[in-house]
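Report on one structure; see the data block that follows.
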Amino acid sequence: MDVDAYMAERVPLIDAALEARFELDPSVPASLSGAMRHLLFPGGKRLRPLFALAAAEAVGGSAASALPMAIAVELVHTYSLIHDDLPCMDDDALRRGRPTVHVAYDEATAVLAGDALLTEAFSVLAEGVTEADQAQAAIEAVQRLARAAGAAGLVGGQVDDLAFDAGKAAVDTRETQGTDHARLASIHARKTAALFRAAIVGGAGLAGANAAQRDELDALGHEVGIAFQIADDLLDADSDEAASILRVQGIEDARLGAEELLERALDRVEGWGEGAESLRTLARFAVRRQQ
Ligand code: GRG
């Protein structure tokens, strides 16, 4: 299975579902609607939603059954990028080569667009339930996404990331390498891997995965998410990002670490047959991509 072919087939499905969700709604102020769409379209790689769909297929379900999870996780991801770019956070003027939302609109609108996208994510998941036997899986998906996005997930990871950055900027606050490594691992687990886990387990859950499959996929999501972040740090090796794995490891060690995590993840679904091929292909792409 070729990752480009998989993406060419699945991304339009994801984009169409997102478009359908964000059709013009006269009850939403036009500026807010524009700001919410600004980073959503044309969007980025759509990796997290692709993982949700591939996980559904890996457990023998249809990709379509995982679409609510796919859309919800992309909305949370997009909100986190909008807020991460704000002047009070990373203060970035560009995202994906275009002006960030607070630059294209204004700071208050960007904060509110992020808030609305986050809220919308949970609405999409709840509304995705059309039959009674999906309700339990949808509730579990909501729980997992909320945990991934909340104080013990993205938001907490961001708080610790800001503290880590501040510590790196101060002259006399260097900690031991071991401690730095543990802190970074914990930040990446919450800022990056948590959403991958929620997408993968939630997507598979909506497609009818059993508890053993969900546990295995949860571990895979963590491993792929951390390895994806290491790959991202390697691609950004020239930047002075404080919370980069390259602060505590050399390039070769980091690359090896990412490969080890990927192999461990692939082993988990080795015996899952042809249906899991897209998931394996996506995992390889997420970790070995060159951009
Ligand atoms: C402000 C609540 C709040 C959270 C901020 C997740 C996060 C925490 C910030 C996002 C910025 C960041 C460096 C996240 C780490 C994960 C990462 C590398 C995101 C980029 O993901 P891609 O490559 O992006 O999938 P595209 O553009 O393809 O969607």
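Since the model is a prediction, treat every value here as computed from it, not as a measurement. Both ligands and their constituent atoms are indexed starting at 1 by order of listing.
- The residues Arg21 and Glu127 are annotated as salt-bridged, a charged nitrogen and a carboxylate oxygen being separated by less than 4.0 angstrom.
- The hydrophobic cluster containing Val155 does not contain Leu86, counting ILVMFWY residues as joined when their side-chain heavy atoms lie under 4.5 angstrom apart, directly or transitively.
- The aromatic rings of Phe51 and Phe196 sit perpendicular to each other, their planes meeting at more than 60°, with 30° as the lower class boundary.
- Under a 4.0 angstrom heavy-atom cut-off, Arg48 registers as being in contact with ligand 1.
- Nearest-residue assignment for atom 9 (C) of ligand 1 (options Asp84, Leu39, Thr78, Leu50; heavy-atom criterion): Asp84.
- Although no hydrogens or angles enter the test, the distance criterion places no donor-acceptor pair under 3.5 Å between the side chain of Ser186 and the main chain of Ala182.
- Looking from atom 2 (C) of ligand 1 to the surrounding protein, the closest heavy atom is Tyr79 OH, 3.1 Å.
- Considering only non-hydrogen protein atoms, atom 18 (C) of ligand 1 sits nearest to Asp232 OD2, 3.3 Å.
- Under the 4.0 Å criterion applied to side-chain N and carboxylate O atoms, Arg144 and Glu140 are assigned as salt-bridge partners.
- Surrounding CG of Leu24 are at most 12 heavy atoms belonging to other residues, nucleotides or ligands under 6.0 Å away.
- Not a single donor-acceptor pair under 3.5 Å links the side chain of Thr78 to the backbone N or O of Leu40.
- Looking at atom 1 (C) of ligand 1, its nearest protein heavy atom turns out to be His83 CB, 3.6 Å.
- Under the side chain to side chain contact (heavy atoms under 4.5 Å, CB included) test applied with Phe122, the options Val124, Leu118, Thr119 reduce to a single match, Leu118.
- Here's the thing with His77: one of its N/O atoms is less than 3.5 angstrom from an N/O atom of ligand 1.
- Both Trp272 and Val3 belong to a single network of hydrophobic side chains, linked directly or stepwise wherever heavy atoms of I, L, V, M, F, W or Y lie under 4.5 Å apart.
- In terms of polar-atom proximity, Lys191 is not counted as a contact of ligand 1, lacking any N or O under 3.5 Å from an N or O of the ligand.
- Closest to atom 6 (C) of ligand 1 among all protein heavy atoms lies Leu154 CD2, 3.2 Å.
- Within the listing of ligand 1, atoms 15 (C), 16 (C), 18 (C) sit less than 4.0 angstrom from a heavy atom of Gln229.
- At the shortest separation from atom 27 (O) of ligand 1 among protein heavy atoms lies Arg96 NE, 2.7 Å.
- Neither the backbone nor the side chain of Arg46 has any atom closer than 4.0 Å to an atom of ligand 1 (non-hydrogen atoms only).
- Of the protein's non-hydrogen atoms, the one nearest atom 5 (C) of ligand 1 is Gln158 OE1, 3.4 Å.
- Ligand 1 lies nowhere less than 4.0 angstrom from a heavy atom belonging to His188.
- Although no hydrogens or angles enter the test, the distance criterion places a donor-acceptor pair under 3.5 Å between the side chain of His188 and the main chain of Ala243.
- Where the criterion is an N or O separation shorter than 3.5 Å, residue side chain and backbone included, Ser80 fails it with respect to ligand 1.
- Where the criterion is an N or O separation shorter than 3.5 Å, residue side chain and backbone included, Lys45 meets it with respect to ligand 1.
- Proximity to Thr192 (heavy-atom distance under 4.0 Å) selects the following atoms of ligand 1: 15 (C), 16 (C).
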